[in-house]
Amino acid sequence: MTDIDTSNLDFIRTIVAKDLAAGKNDGRLVTRFPPEPNGYLHIGHAKSICLNFGLAQEYPQGVCHMRFDDTNPEKEEVEYIDSILADVKWLGFDWGDNLFYASDYFDQLHDYAVELIKMGKAYVCSLSGEEMRQYRGTLKEPGRESPYRNRSVEENLDLFRRMKDGEFADGTYVLRAKIDMAAPNINLRDPIIYRIRKVHHHRTGDKWCIYPMYDYTHCLSDAIEKVTHSLCTLEFADHRPLYDWFLDTLQTPCHPQQIEFARLNLNFTVMSKRKLMQLVQEGFVSGWDDPRMLTISGLRRRGYTPAAIRNFCATIGLAKRESRIDMGVLENAIRDDLNDRAPRRLAVLKPLKVVITNYPEEKEEELEIANHPKDASLGSRMIPFCREIYIDRDDFMEEPAKKFFRLAPGREVRLRAAYFITCQEVIKDNSGEIIELRCSYDPASRGGSSPDGRKVKGTLHWVSARHALDAEIRLYDRLFNKENPEDDPEVDFKENINPESLQILSHCKLEPALAQATANDHFQFERVGFFCLDRKEGSPKRPLFNRTVTLRDTWAKLVKR
RNA sequence: UGGGGCGUCGUCAAGCGGUAAGACACAGGCCUUUGACGCCUGCAUUCGUAGGUUCGAAUCCUACCGCCCCAGCCA
């Protein structure tokens with residue numbers, strides 16, 4: 001074998017590199033991403049997608065198949081197929097012509113089953129579900145053989161044909177592999193390979209009333225597609241002997257290698273499709289694409305980019321030990337991507353009016369501001385300025401705390417790309433709430449610096465009151481307020497939902513340029529965070545922005561202490 | 001002694017017998033017309049525990065401890 005450098009490769013990539021170097025599988029590399037179309041894809045799937053498609057991309061001959069594991073028509077829907085395809089594509093991956101469905105193989109799978117029966121390796125069993133469970137034994141005790149285990153090949157063939165022909169009711173018969181009822185691995189205790197289900201299948205219609213089980217279908221589908229490396233999560237490790245048994249017993253085109261890795265867990269969220277489904281169906285969120293959901297569609301709507309998700313998947317690593325990644329790592333990935341690319345804008349979330357008393361009433365002017373502080377290629381734009389502006393309430397303190405260097409009575413600060421202003425007067429309503437600030441400006445500081453070299457410590461974002469776009473902004477926080485919402489089996493995970501995960505702000509003030517935003521744009525609202533137009537409810541007529549993620553906020557951290 | 005998997009920094013994660021990478025987080029500092037970004041510095045005498053082999057062990061051996069998965073006609 002040639003020596004290859006496997007440093008910095010995860011354990012799966014190391015196996016693949018070695019296999020390829022050794023000329024295994026004729027030098028082919030074929031992976032597959034095999035979702036069941038029974039729900040929407042989430043960030044955990046992204047890990048698998050990036051692994052399977054990403055790995056294939058790393059070699060010139062690498063190919064990754066998109067294959068739906070659609071063997072349980074009762075739970076599957078075309079809606080899910082469509083969304084899954086759209087999500088994988090959006091993430092930036094391409095399966096070319098390799099779009100497959102396990103249901104495409106139902107004929108072959110049926111023939112293989114007949115083969116198994118002829119070999120005396122499968123039999124039709126008439127045990128009821130309850131009986132089946134009893135015969136299976138327990139984790140510590142071996143199972144007992146079914147009384148139907150030794151039916152003749154002819155009888156099995158006949159019964160299986162009649163199962164297929166719809167002669168029997170659901171649940172009356174199953175086809176089982178004849179392996180070993182005493183096997184310590186329960187998956188080997190004569191597992192079911194076909195069950196009767198007289199239901200319509202979203203792809204094969206009413207052609208079949210018997211449907212193959214996962215264990216039987218998956219390995220054979222892999223073999224039919226000549227997959228070389230079949231990557232799946234840890235819980236399938238116990239199924240590997242069965243995967244291998246079918247492929248060793250039957251004459252198949254090849255024998256793919258199943259390798260298991262740890263699934264992704266993130267803190268402050270749940271990751272199973274079943275639980276996400278509950279959140280949707282019980283109305284805890286607005287849908288699968290609610291921006292608080294860590295579904296691919298939710299992340300997209302929230303403003304995450306494909307590159308950020310791919311980078312995230314690359315940084316979390318791949319191993320067999322179970323882990324729980326900090327949500328901060330995901331947030332860091334999107335900040336990192338958007339920081340380089342997102343044009344800057346000025347937006348005031350909690351407006352506080354400022355009147356610049358020495359600025360003429362009728363005067364208006366336009367000031368130039370760069371779209372990005374470090375990337376001149378993003379150009380610049382003009383922002384209007386006049387006597388009345390808005391600043392954020394958080395940027396003023398009547399009695400400034402220590403180290404607070406924003407606006408306060410008598411203090412001078414800079415309005416970003418505009419002027420230095422000094423607070424002269426604080427206006428309050430009857431209840432004592434501050435409703436307006438009266439400031440003076442220094443005309444010589446136009447653009448944001450003073451010719452006399454005077455320094456100010458704070459720079460505030462602002463929006464011209466006369467020109468501002470009135471908008472709704474939705475702030476999102478983690479959906480759960482507990483690091484692991486599922487850790488207590490006594491408590492329903494939904495009890496740990498964060499009641500403040502969605503905060504709606506109306507009458508936010510945006511600079512006029514934001515009126516042109518489309519759902520595919522990403523912006524940094526300076527000093528606040530990254531935002532995008534909501535792709536579902538937002539439009540030029542209805543400015544509605546989602547906060548993708550906040551900026552890192554050292555001041556907020558100081559305040560907390 | 002049911003079977004399978006796993007235990008390296010707060011969180012991920014390299015390491016594969018030659019003397020603990022990297023990332024995030026955290027703490028300081030520099031820079032700054034975003035308290036952002038960027039930059040610099042610090043951050044495991046120790047690898048679940050205990051023995052053993054060895055000149056040398058996170059890496060090999062033994063025993064123990066802990067965590068996860070499996071008894072769907074789900075995937």
Side-chain angles (χ1 to χ4, degrees), chain A residues 6-10 14 34-36 38 69-72 74-76 125 127-129 132-134 136-143 170-176 182-189 191-197 211 213-215 217-218 232-241 260 262 267 273-274 314-326 328-333 335-336 339-340 344 346 369-370 372-374 403-406 414-418 420 445 447-449 456-461 524-529 550-558:
Chain A
T6 59
S7 56
N8 290 318
L9 292 184
D10 57 65
T14 299
E36 183 188 11
N38 67 346
D69 242 325
D70 56 349
T71 57
N72 185 6
E74 288 175 304
K75 291 185 176 172
E76 298 158 6
C125 184
L127 251 25
S128 70
M132 188 91 68
R133 185 157 52 244
Q134 284 165 1
R136 189 155 35 224
T138 69
L139 292 178
K140 294 188 179 180
E141 296 153 17
D170 287 12
T172 50
Y173 292 92
V174 292
L175 183 69
R176 289 226 259 170
N185 181 339
I186 289 186
N187 295 120
L188 263 16
R189 317 236 266 228
I192 293 172
I193 60 186
Y194 266 96
R195 76 286 214 186
I196 301 171
R197 282 288 174 282
Y211 291 96
M213 299 287 287
Y214 165 84
D215 283 310
T217 307
H218 201 89
C232 61
T233 43
L234 250 29
E235 66 269 30
F236 291 103
D238 286 341
H239 297 241
R240 185 166 9 102
E260 309 86 19
N267 59 12
K273 271 195 265 188
R274 205 190 100 248
T315 52
I316 55 174
L318 187 72
K320 294 190 81 155
R321 77 182 79 105
E322 307 216 25
S323 59
R324 185 166 290 273
I325 308 280
D326 195 289
V329 180
L330 216 209
E331 295 177 343
N332 188 64
R335 281 194 193 104
D336 217 47
N339 180 51
D340 289 344
R344 314 286 121 129
L346 299 185
I369 182 169
H372 191 107
K374 298 206 168 149
K403 289 197 173 172
F404 179 87
F405 47 77
R406 278 110 94 147
R414 168 169 40 234
L415 293 177
R416 174 95 235 255
F420 286 3
S445 64
S449 58
V456 289
K457 192 86 169 105
T459 299
L460 311 187
H461 57 284
Q524 184 194 99
F525 290 178
E526 290 201 38
R527 305 211 305 135
V528 183
T550 62
L551 252 34
R552 249 195 215 88
D553 191 346
T554 314
W555 168 245
K557 219 186 281 176
L558 273 175

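Remember, predicted model here, so these are calculated numbers, not experimental data. Naming convention: chains lettered A, B, ... in sequence-line order (proteins, then strands); numbering from 1 in each chain. What you see below is based on every heavy atom in this structure, not just the backbone, and it leaves out hydrogens, waters and symmetry mates.
In this model, the phosphate group of B:A75 is approached by a side-chain N or O of A:T71 to a distance below 4.0 Å at OP1 or OP2. Taking only side-chain nitrogens and oxygens, A:R136 comes nearer than 4.0 Å to OP1 or OP2 of B:C73. Using a 4.0 Å cut-off, some side-chain N or O of A:R195 falls inside it from OP1 or OP2 of B:A75. Distances shorter than 4.0 Å separate none of the side-chain N or O atoms of A:R274 from OP1 or OP2 on B:A75.
B:G5 and B:A20: their P atoms are spaced 31 Å apart (whole Å). If you take atom P in B:C67 and the same atom in B:U62, they sit 23 Å apart, rounded to whole Å. Distance noted for atom C1' between B:C26 and B:C64: 35 Å (whole Å). Rounded to whole Å, the separation between the P atoms of B:C6 and B:C61 comes to 14 Å. Here the separation of B:C24 from B:A36, taken at their P atoms, is 16 Å to the nearest Å. Distance noted for atom C1' between B:U45 and B:A58: 14 Å (whole Å).
Under the Watson-Crick and G-U wobble criteria, each requiring two contacts below 3.5 Å, nucleotide B:A23 is paired to B:U11. Within the shown strands, B:C6 is the pairing partner of B:G66 under the Watson-Crick or G-U definition, both distances less than 3.5 Å. Of the nucleotides present, B:G52 is the one that pairs with B:C60 by Watson-Crick or G-U wobble criteria, both distances under 3.5 Å.
The base of B:U34 is paired with the side chain of A:R344 by a donor and an acceptor separated by under 3.5 Å. Side-chain atoms of A:D553 stay outside donor-acceptor range of the base of B:G35, with no qualifying N/O pair under 3.5 Å.
Contact annotation for A:L415: no contact, since no heavy-atom pair falls under 4.0 Å across all strands. When heavy atoms are screened at a 4.0 angstrom cut-off, A:F405 is found touching base atoms of the nucleic acid. Counting non-hydrogen atoms under 4.0 angstrom, A:Y194 reaches nothing in the nucleic acid. Residue A:D238 is classed as a base contact, given a heavy-atom separation below 4.0 Å to a base. Among the heavy atoms of the strands lying under 4.0 Å from A:L127 is at least one base atom, whether or not backbone atoms are also near. Residue A:R335 is out of contact with every strand shown, counting any heavy-atom pair closer than 4.0 Å. Residue A:S449 is classed as a base contact, given a heavy-atom separation below 4.0 Å to a base. In this structure, A:I316 reaches the sugar-phosphate backbone alone: every heavy-atom distance under 4.0 Å involves primed, P, OP1 or OP2 atoms, never a base. A:A417 comes within contact range of at least one nucleobase, with a heavy-atom separation under 4.0 Å. Among the protein residues, A:K273 comes within range of no part of the nucleic acid, since none of its heavy atoms lies under 4.0 Å from any strand. Among the atoms of the strands shown, base atoms are found under 4.0 Å from some heavy atom of A:M132. Residue A:I192 is classed as a base contact, given a heavy-atom separation below 4.0 Å to a base. Nucleic acid contact for A:F525: none, since no nucleic acid atom lies under 4.0 Å from a heavy atom of the residue. Across all strands, A:Q524 comes closer than 4.0 Å to base atoms (heavy-atom distances).
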For nucleotides 21-24 of chain B, print each protein N/O atom paired with a nucleotide N/O atom at under 3.5 Å, atom names and distance only.
none

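Across B:G35, B:G5, B:A71, the shortest atom-to-atom separation from the side chain of A:R406 is found for B:G35. Checking B:C12, B:A71, B:A75 against every side-chain atom of A:R324, the shortest atom distance belongs to B:C12. Of the candidate nucleotides B:U34, B:G5, B:C74, B:U34 has the atom nearest to the side chain of A:L551. Here the nucleotide nearest the side chain of A:K320, chosen from B:C26, B:G35, B:C6, is B:C6. For A:K140, taking side-chain heavy atoms from C-beta onward, the closest of the listed nucleotides B:G2, B:C74, B:G3 is B:G2. Nearest nucleotide to the side chain of A:R321, out of B:U33, B:A75, B:C6: B:C6. Taking only side-chain atoms of A:P184, from C-beta outward, the nucleotide of B:U33, B:G3, B:G35 with the closest atom is B:G3.
A distance-only check finds a donor-acceptor pair linking the side chain of A:T138 to the backbone of A:K140 [under 3.5 Å]. At distances below 3.5 Å, at least one donor-acceptor pair connects side-chain atoms of A:R189 with backbone N or O atoms of A:R136. Although no hydrogens or angles enter the test, the distance criterion places a donor-acceptor pair under 3.5 Å between the side chain of A:R414 and the main chain of A:G448.
Residue side chain A:Y214 fails the stacking definition with respect to B:A75, as its ring centre and the base's six-membered ring centre are not both under 5.5 angstrom apart and under 30 degrees in plane angle.
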- Working for side chain to side chain donor-acceptor pair (under 3.5 Å), residues A:N332 and A:R552: CA-CA 9 Å; A:N332 188 64; A:R552 249 195 215 88; 3.0 Å; yes
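Applying the 90° cutoff around 0 to the glycosidic angle, B:G17 is assigned anti.
Atom CG of A:D69 is separated from atom CD of A:E76 by 8.0 Å, given to the nearest 0.5 angstrom.
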